[in-house]
Amino acid sequence: MAAKCFVGVDIGGTHVRIVRAAEAPPGLGADIVKFRTPDTVDELVEKIVGHLPESAGAPRGVGIGLAGRVTESHAVWVPALPQLNNVPLSLVIAERLDAPCGLINDAQATLLAEARSGAARGCRDALLVAVGTGIGGAILAGGQVVRGA
């Protein structure tokens, strides 16, 4: 049986990136997949699920970063991808992959990565400003990402 892994999905306005991280030894695998962001929710789900090999089995967990206002399960408002507005994206992916799945704002995900092993490593408080297709940001306070408005 193949080793379990964790899956990270970055959904952008033009591209989607998927990476699998092995449970042991820790670290990113070489299998980063990039494809153009599909026009419909169904196509997006099919592409994400389809890029994970069945031979690897269900991942231990999936994290999805998305630019816009999100809850842990729903894409609430996604300016670049309005077809995702009010979609319970993490619930759909969790059901399809039979694995726990969480949704987070992409700037918040970036800040968590920076706090773990980047410029904000060791910081309990930090601010990230993300400039790309749009402008976003995230706040780390007391070691926790501040979610919500």
Subject >> Donor-acceptor contact below 3.5 Å, side chain Ser90 vs main chain Gly102 >> reply: no
Original post:
Where the side chain of Thr71 meets the backbone of Val76, is there a donor-acceptor pair that is under 3.5 Å apart?
Top reply: no
Original post:
Can you name the nearest heavy-atom pair linking Leu66 to Ala75, along with the distance?
Top reply: CD2-CB, 3.6 Å
Subject >> Flag, side chain of Asp125 to backbone of Gly142, donor-acceptor distance under 3.5 Å >> reply: yes
Original post:
Counting distance only, does the side-chain N/O of Glu114 pair as donor-acceptor with the main-chain N or O of Arg121 below 3.5 Å?
Top reply: no
Original post:
Shortest non-hydrogen contact from His74 to Asn86?
Top reply: CD2-O, 3.9 Å
Original post:
What's the shortest heavy-atom distance between Pro59 and Ala99, and which atoms?
Top reply: O-CB, 3.1 Å
Subject >> Candidate list Leu103, Val33, Leu89, Ile18, test side chain to side chain contact (heavy atoms under 4.5 Å, CB included), partner Val9, passing option >> reply: Ile18
Subject >> Shortest non-hydrogen contact between Gly68 and Pro79, atoms and distance >> reply: CA-CD, 4.2 Å
Original post:
How long is the span from the CD atom in Gln108 to the CG atom in Leu128, to the nearest 0.5 Å?
Top reply: 10.0 Å
Original post:
Taking the six-membered ring for Trp, are His51 and Phe35 ring centroids under 6.0 Å apart?
Top reply: yes
Original post:
Got a donor-acceptor contact below 3.5 angstrom from the Asn85 side chain to the Val78 backbone?
Top reply: yes
Original post:
Measuring from Thr40:OG1 to Lys47:NZ, what's the distance to the nearest 0.5 Å?
Top reply: 11.0 Å
**OP:** Return the minimal non-hydrogen interatomic distance between Cys101 and Ile64, and the atom names on each side.
**Re:** SG-CD1, 3.6 Å
Original post:
Can you tell me how far the OG1 atom of Thr110 sits from the CD1 atom of Ile104, to the nearest 0.5 Å?
Top reply: 9.0 Å
**OP:** Taking all heavy atoms of Val41 and all of Gln83, pick out the closest pair and write down the distance.
**Re:** CG2-O, 3.3 Å
Original post:
Got more than 12 heavy atoms from elsewhere within 6.0 Å of CD, Gln144?
Top reply: no
